[in-house]
Amino acid sequence: MGTEKRYEYRPQEIEPRWRARWEETGAHRAREEDPRPKFYCLDMFPYPSGSGLHVGHWRGYVLSDTLARYKRLQGFKVLHPMGWDAFGLPAENDAIKKGLHPKANTAKNIANMKRQLHEIGAMYDWSREFATTDPDYYRWTQSIFLRMWRRGLAYRASMPINWCPTCRCGLANEEVVAGRCERCNSETERRDRTQWLMRITRYADRLLGDLDKLDWPERVKTMQRNWIGRSEGAEITFTVKDPDGGEHALPVFTTRPDTLFGATYVVLAPEHPLAERSAARARRGAVADYAEEARKAKEIERTAADRPKTGVATGAFAVNPVNGERVPVWVADYVLVHYGTGAIMAVPAHDERDYAFAKKNGLRIVEVIRSDEAKRNGDGTLAEAWTGEGTMVRSGRFDGTPSAAGKRKVVESLAKKGLGKATVSWKLRDWIFSRQRYWGEPIPIVHCAKDGEVPVPESELPVLLPEVERYQVTGTGDSPLAGIPSWVDVKCPKCGGPAKRETDTMPQWAGSCWYFLRYASPRFAQGPFDPKAVSAWLPVDQYVGGIEHAVLHLLYARFFTKVLADEGLLPFDEPFARLFNQGMICKKSFWCDTDRIYLPEKEVADGQQCPTCRKPLHVELEKMGKSKKNDVAPDELVAEHGADAVRLYELFVGPPELDSEWTTNGINGCSGFLARFFAWVHRCAETADSPDSDRVARARHALVKGITEKLEAFKFNTAVSDFMKFLNEVQDAGPTEVSRETLRAAVVALAPFCPHVAEELWHDPLSGSSSVFEASWPRFDESLARAKEMQIPVQVNGKLRATVTVPDGADSATLEKRALAEPKVAAQISGKSVKRVVVVPGRLVNVVVG
RNA sequence: GCCAGAGUGGCGGAACCGGCAGACGCGCGCGAUUCAAAAUCGCGUUCCGGAAACGGACUGAGGGUUCGAUUCCCUCCUCUGGCACCA
């Protein structure tokens with residue numbers, strides 16, 4: 001015990017030294033000319049926030065770094081880059097809050113976050129660092145935008161948009177959650193504005209179909225499938241007469257053409273062009289009022305699920321193409337203008353929403369799909385809508401047809417008359433791509449009275465953001481850029497006449513749609529990326545990040561990649577082969593209802609009371625965050641235990657894909673383990689090299705086997721416990737039982753997890769001449785990883801009664817004999833007849849008695 | 001409502017393909033060291049009964065399949081996340 005004191009583990013001394021050394025020697029540089037196979041390990045692009053990293057942020061970074069270093073030791077050339085997603089609303093809002101210019105504020109935040117990331121000890125290749133706000137980068141974001149514009153993928157349209165009254169700007173649909181602004185939680189309104197959109201819908205089928213190619217978590221793929229929302233059905237054309245006698249075709253979308261005979265009314269979305277046009281004169285005012293109300297209604301009210309269905313009759317009638325029946329036309333906001341055709345045929349007997357609406361408004365309910373499973377009233381009428389399968393009835397010549405076959409037959413018969421066709425509808429909508437904000441990439445388009453939209457010539461890119469004093473939103477809905485005539489007024493690149501620059505900027509997502517391509521050749525000046533470098537490094541082999549990007553970023557990045565592939569710039573059309581979503585780090589938060597504030601744990605009085613008002617606090621386990629005052633800064637932990645210990649605990653805290661609770665004490669176990677490991681290696685190295693004893697050899701092979709298998713399976717938490725188990729075992733053995741080879745294997749196996757201490761031990765006492773990361777991953781021998789003797793449990797009727805020790809590989813006969821000879825077993829079976837003995841060699845013996 | 005995921009000691013969690021439930025760590029208890037404390041080391045630690053030997057119970061609840069179920073099947077409960085009038 002006294003000797004251990006000599007080998008005191010001092011991470012504060014070891015870690016900065018090795019980080020400086022790696023930096024000096026360029027140890028983490030990814031080199032294209034390296035002949036080894038490549039591995040591209042990427043963290044999701046961080047936004048450099050001003051509030052700094054907490055241990056929750058560390059989790060993903062530690063995870064990806066451990067994997068990257070493991071791959072490196074396995075003989076891959078590893079690309080593990082880092083950079084900054086620095087444009088966008090949060091960056092701008094943060095700057096406004098601090099009264100700084102976003103450019104200065106962003107630079108400050110980047111410097112701070114980079115310093116914090118260094119502490120982790122990750123093998124980032126900082127020579128490839130860039131930010132989306134670098135003109136050298138956004139020049140190419142603008143260039144890619146122009147490629148999309150030329151392909152007709154970027155276009156302008158006037159449409160109702162989500163307007164956030166607090167941020168005073170438009171939001172993409174994806175930024176509106178339950179009718180509220182995702183960032184500030186204000187209720188959003190609808191306003192009309194000319195917007196830039198991306199025609200992502202043109203790629204809907206490929207974005208959906210190619211999900212099958214990806215090694216991604218199933219839930220992320222499911223979320224994307226739901227978001228894209230492919231729905232097979234039919235467009236069926238009804239006919240509507242307006243009061244002036246004009247006839248209008250009214251296509252409706254349905255997934256249930258088999259229920260067409262049960263359509264008892266038709267509903268138009270309030271914004272549908274025929275709503276007012278077709279309304280009877282006496283009803284026109286009511287329809288217009290209803291539409292106006294619906295238009296102004298806040299999104300939150302409109303989408304509330306249990307909201308009662310409202311609507312007005314237009315007084316017009318539509319003709320059902322299958323039987324010529326006249327049914328009333330209604331306008332109701334439960335029909336959405338942007339889905340399908342913005343109009344539906346209502347079949348109350350077989351659709352819950354139509355059923356509710358029909359009941360409320362006294363409309364007819366006609367059952368046309370017969371099923372014994374349907375719930376009925378005493379008189380045999382439907383007690384609720386039957387939405388399942390059944391047999392067609394009251395459907396003319398289709399009577400008796402099963403509904404599944406009926407879908408096809410009805411459409412076929414309509415198609416012959418040109419009154420219907422099979423179609424596919426998508427939930428996915430085009431992506432609103434413009435923001436009325438200062439801090440984003442200017443959209444490189446010039447508006448000319450004569451030539452219309454004119455792209456800024458490539459040679460004039462980037463369109464730089466002007467340096468300005470005021471960049472706050474105007475509140476008029478225009479970008480602050482609109483208020484700078486010297487920037488806005490330009491000559492038309494085409495005709496030289498007076499023209500104006502587009503003043504909208506791109507959304508934050510823009511820069512993160514292709515950054516993973518730029519890392520391959522970050523300083524390339526002839527294009528967004530060097531095709532050679534991109535084909536050498538891409539696609540990304542392992543992408544690591546939070547689940548919050550399951551749909552938006554990951555869908556947009558896939559979209560951009562497909563467009564660039566169609567441009568002939570990429571030899572692949574999916575950017576991220578494999579995806580891993582780490583769970584969140586949580587911690588208890590303390591909320592005082594009276595004071596309406598969160599309290600940090602250390603200010604909470606005994607008995608979980610508020611220190612000021614003495615009332616009990618709301619205690620909840622929540623995602624760690626500064627705003628909830630439950631964040632833990634890594635700085636103090638690093639100062640006390642070292643980065644390696646923090647890294648180890650980040651992995652040990654729980655299964656990486658699940659949320660885990662951070663406990664302050666938990667890290668002690670990891671830090672203690674490293675101290676013991678450090679001393680153990682030194683102590684063993686002191687003795688003359690001796691061969692491994694049997695148990696040490698076994699422990700080593702079991703360790704390497706365990707770590708290798710667990711890293712491959714992303715089971716970082718149990719990999720760490722394998723290490724602890726190993727040390728517990730070999731510590732029981734004396735130093736003279738341990739070979740040099742075992743020490744080397746253990747140190748290399750630790751290196752992905754705790755790179756600093758592994759590097760230190762590799763050099764001293766193991767006298768490595770180059771970096772431990774130049775070593776190769778240790779091999780293991782399955783047979784040596786097994787113990788020579790094993791304990792086999794013996795059960796009687798499934799209950800454990802004894803354990804016998806037998807040599808590894810003992811056969812069934814031996815096991816049975818030994819088991820029955822066991823006194824405790826004999827006692828249990830005496831006086832009973834042995835019906836059967838189940839022997840599983842290497843596992844157990846179960847004696848069945850009756 | 002629909003679709004995922006989860007439910008195991010005081011706590012975080014482990015358990016290969018159906019084979020000793022509770023690995024590993026935290027916490028706690030006892031002991032060593034210390035003038036003392038921290039740190040460190042050793043031993044113990046699912047629960048109930050028992051001084052102990054030992055016996056019994058136990059993986060959200062209930063049922064089923066099996067020699068044997070945390071693991072497979074059915075019914076139900078709870079929690080978390082996503083979607084939510086998408087016709």
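Per chain, numbering begins at 1; letters A, B, ... match sequence-line order.
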Between B:rG19, B:rG56, B:rC3, spot the one nearest the side chain of A:Thr222, thanks. B:rC3
What does A:Arg801 touch in the nucleic acid at a heavy-atom separation under 4.0 angstrom: a base, only the sugar-phosphate, or nothing? sugar-phosphate
Under 4.0 Å, counting only non-hydrogen atoms across every strand here, what does A:Val840 touch: a base, just sugar-phosphate, or nothing? base
Base-pairing assignment for B:rA61 (Watson-Crick or G-U wobble, both under 3.5 Å): B:rU75
Quick check on ring-ring contact (aromatic ring centres under 6.0 Å, His included): which of A:Tyr7, A:Phe673, A:Tyr9 does A:Phe678 satisfy it with? A:Tyr9
For A:Arg836, report the nucleic acid contact type (base, sugar-phosphate, nothing); a contact means any heavy atom under 4.0 Å. base
Categorize A:Lys824 for me: base, sugar-phosphate, or nothing, with a 4.0 angstrom heavy-atom threshold over every strand shown. sugar-phosphate
A:Lys407 NZ to B:rA87 P: how many Å, rounded? 11 Å
Take the protein atom CZ of A:Phe652 and the nucleotide atom C1' of B:rG25, then report the distance between them rounded to whole Å. 4 Å
Between B:rC16 and B:rA21, how far apart are the P atoms? Round to whole Å, please. 14 Å
First of A:Ile792 and A:His338 reached from the 5' end of RNA chain B, by closest nucleotide: A:Ile792
If I take atom CZ in residue A:Phe673 and atom P in nucleotide B:rC41, what distance separates them, rounded to the nearest angstrom? 13 Å
OP1 or OP2 of B:rA87 under 4.0 Å from side-chain N/O of A:Ser231: yes
Rounding to an integer number of Å, can you tell me how far A:Leu648 CG sits from B:rG12 C1'? 15 Å
When you compare B:rG31 with B:rC11, how far apart are their C1' atoms, in angstrom units rounded to a whole number? 25 Å
Counting the atoms with a prime plus P, OP1 and OP2 as sugar-phosphate, which does A:Glu709 contact under 4.0 Å by heavy atoms, base, sugar-phosphate, or nothing? nothing
Charged N-O contact under 4.0 Å between A:Glu661 and A:Lys587: no
Base, sugar-phosphate alone, or nothing: which one does A:Asn665 contact when heavy atoms must sit under 4.0 Å apart? sugar-phosphate
Please work out whether B:rG5 sits syn or anti, treating a glycosidic angle within 90° of 0 as syn. anti
When you check the gap from the basic side-chain N to the acidic O, do A:Glu709 and A:Lys705 get nearer than 4.0 Å? yes
How about A:Phe357 and A:Trp330: are their ring centres within less than 6.0 Å of each other? yes
For B:rU78 versus B:rA61, give the span between their C1' atoms, rounded off to a whole number of Å. 10 Å
Given B:rG27, B:rA87, B:rA14, identify the nucleotide with an atom nearest to the side chain of A:Asn717. B:rA14
Go through B:rA21, B:rA15, B:rA87 for me and flag the one nearest to the A:Gln795 side chain. B:rA21
Could you measure between the two C1' atoms, the one in B:rG25 and the one in B:rA14, and give it in whole Å? 11 Å
Rounded distance in Å - CD1 (A:Ile344) to P (B:rA87): 11 Å
Donor-acceptor side-chain pairing of A:Asn665 and A:Thr663 below 3.5 angstrom: no
Need one value for A:Lys725: base, sugar-phosphate or nothing, where a base atom within 4.0 Å counts as base even if backbone is also close, heavy atoms only. sugar-phosphate
P gap between B:rA69 and B:rC20, integer Å: 11 Å
Atom CE of A:Met724 and atom P of B:rG12 are separated, to the nearest Å, by 17 Å
Per A:Tyr339 side chain, nearest of listed nucleotides B:rA87, B:rG19, B:rA14: B:rA87
Where the side chain of A:Tyr334 is defined as all heavy atoms beyond and including C-beta, which of B:rC85, B:rG19, B:rG82 is the nearest nucleotide? B:rC85
Does A:Asn728 place a side-chain N or O at less than 4.0 Å from the phosphate oxygens OP1/OP2 of B:rG25? yes
Quick check: A:Trp680 with A:Phe726 (ring centres under 6.0 Å apart)? yes
Sugar-phosphate only, base, or nothing, as touched by A:Lys799 at under 4.0 Å among non-hydrogen atoms: sugar-phosphate
A:Asn846 CG to B:rC67 P: how many Å, rounded? 10 Å
Can you tell me how far C1' of B:rA87 sits from CG of A:Leu260, to the nearest Å? 14 Å
N-glycosidic conformation, B:rC17 - syn within 90 degrees of 0, else anti: syn
Within 45 degrees of the axis of the six-membered ring of A:Tyr334 and under 6.0 Å from its centre: does A:Lys309 put its NZ or CZ there? yes
Any base atoms under 4.0 Å from A:Thr663, or only sugar-phosphate, or nothing? Heavy atoms, all strands. nothing
Nearest-nucleotide wise, let me know which of A:Pro655 and A:Glu218 is further upstream toward the 5' end of RNA chain B. A:Glu218
Over all strands shown, is A:Arg676 touching base, sugar-phosphate only, or nothing at heavy-atom distances under 4.0 angstrom? sugar-phosphate
With a 3.5 Å limit on both atom pairs, tell me what B:rC41 is paired to, counting Watson-Crick and G-U wobble, or say none. B:rG31
Side chain of A:Lys309 only, please: which of B:rC85, B:rC20, B:rA87 is the nearest? B:rC85
Over 12 foreign heavy atoms within 6.0 Å of NZ, A:Lys817: no
